[in-house]
*Asks:* 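Before we start, here is the structure in question, set down as structure tokens.
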Amino acid sequence: MKIVKTVDEIRAIVKAWKKEGLSVGLVPTMGYLHEGHKSLIVRASKENDRVVVSDFVNPTQFGPNEDFESYPRDIDADAVLAQDAGASVIFNPEADEMYQDALTFIDMNKITKVLCGKTRPIHFSGVCTVVGKLFNIVAPDRAYFGQKDAQQLCVIKKMVKDLNFDIEIVGCPIIREEDGLAKSSRNTYLNKEERQAALCLSKSLCEGKKLIENGETSTEKVVNRIKGIIESEPLARIDYVEIVDWNNLEAIDTVKTPLLCAMAVYIGKTRLIDNFIME
Ligand code: PAF
């Protein structure tokens with residue numbers, strides 16, 4: 001698997017593909033790839049002639065007290081997984097290659113200020129900026145994002161529309177462990193007890209979804225039921241549990257589709273997110 005470190009080189013590779021009339025898919029990641037990323041790469045390689053996987057722990061999307069330094073990294077293992085999944089090349093720049101005295105950042109209102117944006121005020125500006133840069137560097141036909149980061153997916157779709165990027169955004173389903181825990185690079189932070197406790201996220205979401213399917217129309221009642229399950233787990237601390245309109249992330253009092261039920265929960269020191277979408 002070829003690992004490219006510079007913007008110039010990845011641009012030259014993509015230009016040559018485009019000259020041959022080949023389509024290009026991009027899977028943006030922060031590395032430490034797992035089955036969730038693999039599903040995105042597999043899908044991208046089915047739908048495009050060539051696939052670029054970007055592997056970059058982006059410093060601008062981490063707040064001062066977040067886990068930028070300790071975020072897990074393993075480029076050799078990533079190369080093996082990406083190759084197996086059908087990637088053509090990995091783009092793995094250093095931070096200096098991506099940000100040289102940068103003064104320009106993408107910022108967005110409203111949908112970046114709710115849910116995760118309440119406690120991570122700079123996060124989505126960092127995400128939009130790096131994803132916008134990757135779009136300009138790679139110029140893919142399609143880009144693939146997991147639905148586990150549902151707010152991120154919504155924000156990126158809006159950015160693409162607002163800034164007229166000529167790129168199709170493909171959202172892909174959440175990949176879970178057998179016991180229901182959503183796959184995440186951050187799951188590696190969990191010790192044995194925390195790993196067990198983390199099941200309260202997916203279990204409570206399942207219960208919430210069942211309530212709605214059985215006819216509950218009050219979002220407050222659904223959220224309270226979910227919170228009750230999480231609060232009965234001593235190692236868990238809720239950041240937020242909310243039900244919002246999936247089109248614009250605005251809070252809704254009454255169940256109406258499409259909706260997003262999203263949560264962020266600390267298990268010990270590890271902040272995990274999970275959600276379900278009802279179309
Ligand atoms: O979802 C992620 O891993 C990151 O937020 C992304 C989209 C690669 C941007 O750094």
Side-chain angles (χ1 to χ4, degrees), residues 3-4 7 10 25-41 43-44 51-63 66-75 77-78 81-82 85 87 89-99 102 105-108 111-112 115-117 119-138 140 142-160 163 165 167-175 182-189 262 264 270-275:
I3 300 176
V4 171
V7 171
I10 193 72
L26 170 67
V27 182
T29 82
M30 296 206 299
Y32 216 69
L33 305 181
H34 51 66
E35 292 294 314
H37 299 110
K38 191 170 183 179
S39 72
L40 304 181
I41 303 169
R43 170 121 182 231
V51 175
V52 177
V53 175
S54 66
D55 189 316
F56 176 60
V57 185
N58 172 38
T60 64
Q61 70 188 70
F62 289 80
E66 294 181 354
D67 56 344
F68 172 66
E69 295 298 340
S70 59
Y71 196 85
R73 294 156 168 90
D74 188 345
I75 188 66
D78 289 351
L81 184 143
V89 65
I90 293 185
F91 177 47
N92 175 230
E94 296 300 324
D96 286 353
E97 179 69 9
M98 290 297 277
Y99 297 104
F105 290 86
I106 298 177
D107 207 356
M108 195 190 287
I111 59 172
T112 59
L115 304 177
C116 288
T119 48
R120 305 190 75 192
I122 62 152
H123 176 67
F124 289 107
S125 172
V127 169
C128 287
T129 302
V130 80
V131 170
K133 285 165 72 69
L134 289 167
F135 285 176
N136 282 329
I137 292 165
V138 176
R142 295 175 199 85
Y144 295 78
F145 295 88
Q147 224 160 265
K148 180 171 151 288
D149 296 286
Q151 185 175 10
Q152 170 173 281
L153 177 59
C154 182
V155 163
I156 286 166
K157 279 186 176 161
K158 182 75 177 125
M159 176 185 82
V160 161
L163 298 183
F165 283 104
I167 295 169
E168 183 191 338
I169 301 302
V170 184
C172 303
I174 298 176
I175 303 296
K183 300 241 182 196
S184 163
S185 307
R186 290 192 168 98
N187 292 349
T188 53
Y189 298 154
T270 306
R271 185 176 180 279
L272 299 177
I273 56 172
D274 201 349
N275 69 75

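We use all heavy atoms of the structure for the numbers below, so side chains are in, but hydrogens, waters and symmetry mates are not. In listed order, ligands and their atoms are each counted from 1.
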*Asks:* Say you draw a straight line from OH of Tyr32 to OG1 of Thr188; how long is it, rounded to the nearest 0.5 Å?
*Replies:* 5.0 Å

*Asks:* Classify the ring geometry of Phe135 against Phe165: parallel below 30°, tilted from 30° to 60°, perpendicular beyond 60°.
*Replies:* perpendicular

*Asks:* Report, in ascending order of atom number, the atoms of ligand 1 lying under 4.0 Å from any heavy atom of Val130.
*Replies:* 9 (C), 10 (O)

*Asks:* Please could you name the atoms of ligand 1 that Gln61 approaches to less than 4.0 Å, counting only its heavy atoms?
*Replies:* 4 (C), 5 (O), 9 (C), 10 (O)

*Asks:* For the residue pair Arg73 and Phe68, would you count it as a cation-pi contact if the rule is NZ or CZ under 6.0 angstrom from the ring centre and within 45 degrees of the ring axis?
*Replies:* yes

*Asks:* Residues two or more places apart in sequence or in another chain: which of them pass side-chain contact (heavy atoms from CB on, under 4.5 Å) with Asp96?
*Replies:* none

*Asks:* Taking both backbone and side-chain atoms of Gln152, is any N or O found less than 3.5 Å from an N or O belonging to ligand 1?
*Replies:* yes

*Asks:* Could you tell me which atoms of ligand 1, counted from 1 in the order shown, lie closer than 4.0 angstrom to a heavy atom of Pro28?
*Replies:* 8 (C)

*Asks:* At less than 4.0 angstrom from any non-hydrogen atom of Thr29, what atoms of ligand 1 do you find?
*Replies:* 8 (C)

*Asks:* In chain order, what residues pass the side-chain hydrogen bond (donor to acceptor under 3.5 Å, both in side chains) check against Tyr189, with sequence neighbours excluded?
*Replies:* Asp67

